Amino acid sequence: ELFDNSKGIVLENCVNSVFRDVSVAGTWEISDSIENDNIGLDITSLSSVVESKNNTFENCSFTGFSYAAKSDYDVDNHVFVNCLFSLCGFGVVFGQGTILGNPGQATGPFNNTIKNTTFRDINQQAIWVIQGKYNVSESNVFELVGNMAGSDLTPSTHVVQFDTKT
């Protein structure tokens, strides 16, 4: 558990790894403002050649962050399966700060899959892909998402949003 507005896990240039039954808890609360550096899982890459890829997150939970999981880099083939993202400003966000052409940002995140995962009490989008292609949402559960801490009857944002065409 973290006791300040910091990052839970920073995954930098990590390949072929499995993270199972990992829980990361921050102090962000549903009424707090969004802090860009308050991230449960931050996935980065040095370049398109030295990148984070082929990582699996199974039965992991990320609770109490502005962003449950985020990447602005060319990270590929990450799988989130049977995870829980809860009490966060955003769930999984790909490409929000991507500047195409910068080192490690030729395409943005691509070929990532989020499946059989629960998103609960997420103020804004559960899954938001701004840059990157071939990212997939499959058989996920969304409870009280996209409503700015209101009820399911007062939506404010999309629950799942893909800004780039794949």
Side-chain angles (χ1 to χ4, degrees), residues 1-28 32 34-120 122-138 140 160-164 166:
E1 184 173 353
L2 302 173
F3 296 102
D4 61 8
N5 281 338
S6 59
K7 296 178 182 180
I9 296 174
V10 177
L11 206 63
E12 185 172 4
N13 308 325
C14 181
V15 297
N16 304 325
S17 297
V18 176
F19 299 86
R20 188 174 289 123
D21 300 318
V22 175
S23 294
V24 182
T27 60
W28 189 89
D32 290 349
I34 301 296
E35 300 285 336
N36 286 333
D37 289 331
N38 184 243
I39 305 168
L41 173 64
D42 189 15
I43 308 172
T44 68
S45 290
L46 180 63
S47 68
S48 296
V49 176
V50 181
E51 63 181 320
S52 290
K53 64 181 177 180
N54 301 326
N55 296 303
T56 299
F57 300 87
E58 183 179 330
N59 294 321
C60 294
S61 69
F62 297 89
T63 302
F65 292 94
S66 291
Y67 297 88
K70 185 177 181 183
S71 183
D72 295 327
Y73 295 87
D74 300 341
V75 300
D76 70 287
N77 201 29
H78 288 82
V79 177
F80 296 88
V81 61
N82 298 321
C83 292
L84 171 65
F85 298 107
S86 64
L87 297 169
C88 293
F90 291 91
V92 177
V93 178
F94 289 146
Q96 185 180 40
T98 300
I99 300 172
L100 296 178
N102 273 1
Q105 298 181 344
T107 64
F110 62 99
N111 292 329
N112 299 292
T113 301
I114 305 158
K115 65 181 176 179
N116 299 324
T117 288
T118 299
F119 294 84
R120 182 179 299 132
I122 307 295
N123 273 7
Q124 298 186 46
Q125 290 90 336
I127 300 170
W128 187 17
V129 179
I130 297 100
Q131 292 288 341
K133 294 186 177 185
Y134 313 114
N135 296 292
V136 176
S137 169
E138 177 185 330
N140 296 305
V160 176
Q161 182 173 341
F162 289 87
D163 291 353
T164 55
T166 57

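Being a predicted model, the structure only gives us computed values, none of them experimental.
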Rounded to the nearest 0.5 angstrom, the OG-CD distance for Ser66 and Gln124 is 10.0 Å

Distance from Gln105 atom CD to Ile99 atom CD1, nearest 0.5 Å? 6.0 Å

Would you check, one step at a time, whether the test side chain to side chain contact (heavy atoms under 4.5 Å, CB included) holds for Phe90 with Ile34? CA-CA 9 Å; Phe90 291 91; Ile34 301 296; 4.1 Å; yes

Of all the heavy-atom pairs spanning Gly95 and Asp72, show the shortest one and how long it is. C-OD1, 3.7 Å

Please report the closest heavy-atom contact between Val129 and Gly132, naming both atoms and the distance. CG1-O, 3.8 Å

Would you mind reporting whether Lys133 and Thr107 have side-chain heavy atoms less than 4.5 Å apart? no

Do Ile130 and Asp163 touch side chain to side chain, with heavy atoms closer than 4.5 Å? yes

Where the side chain of Asp76 meets the backbone of Asn111, is there a donor-acceptor pair that is under 3.5 Å apart? no

So which atom in Tyr73 and which in Ser45 form the shortest heavy-atom distance, rounded to 0.1 Å? CD2-O, 3.3 Å

Measuring from Asn59:CG to Thr117:OG1, what's the distance to the nearest 0.5 Å? 9.0 Å

For Ser86 and Thr63, work out which heavy atoms get closest and say how close. OG-OG1, 2.9 Å

Begin from the C-alpha positions of Val92 and Phe119 and carry the test side chain to side chain contact (heavy atoms under 4.5 Å, CB included) through to its verdict. CA-CA 10 Å; Val92 177; Phe119 294 84; 4.2 Å; yes

Would you indicate whether the side-chain heavy atoms of Phe19 and Ile9 approach each other to under 4.5 Å? no

Spatial distance of atom NE2 (His78) from atom OG1 (Thr113) [nearest 0.5 Å]: 11.5 Å

At their closest point, which heavy atom of Arg120 faces which heavy atom of Leu84, and how far apart are they? NH1-CD1, 3.8 Å

Interatomic distance, Glu35 atom CD to Phe65 atom CZ [nearest 0.5 angstrom]: 13.0 Å

Do you know the tightest heavy-atom contact between Phe80 and Ile43? CZ-CD1, 4.2 Å

Can you tell me how far the OG1 atom of Thr44 sits from the NZ atom of Lys7, to the nearest 0.5 Å? 8.0 Å

Taking the six-membered ring for Trp, are the ring centroids of Phe110 and Tyr134 within less than 6.0 Å of each other? no

Asn112 pairs by side-chain hydrogen bond (donor to acceptor under 3.5 Å, both in side chains) with which of Asn55, Asn135, Asn77? Asn135

Could you tell me if the side chain of Asn140 sits less than 4.5 Å from the side chain of Ile114, heavy atoms only? yes

According to the interplanar angle, ranging from 0 to 90°, do the rings of Phe62 and Phe85 count as parallel (below 30°), tilted (30 to 60°) or perpendicular (above 60°)? parallel

Phe94 vs Ile127, test: side chain to side chain contact (heavy atoms under 4.5 Å, CB included). Steps then yes/no. CA-CA 8 Å; Phe94 289 146; Ile127 300 170; 5.9 Å; no

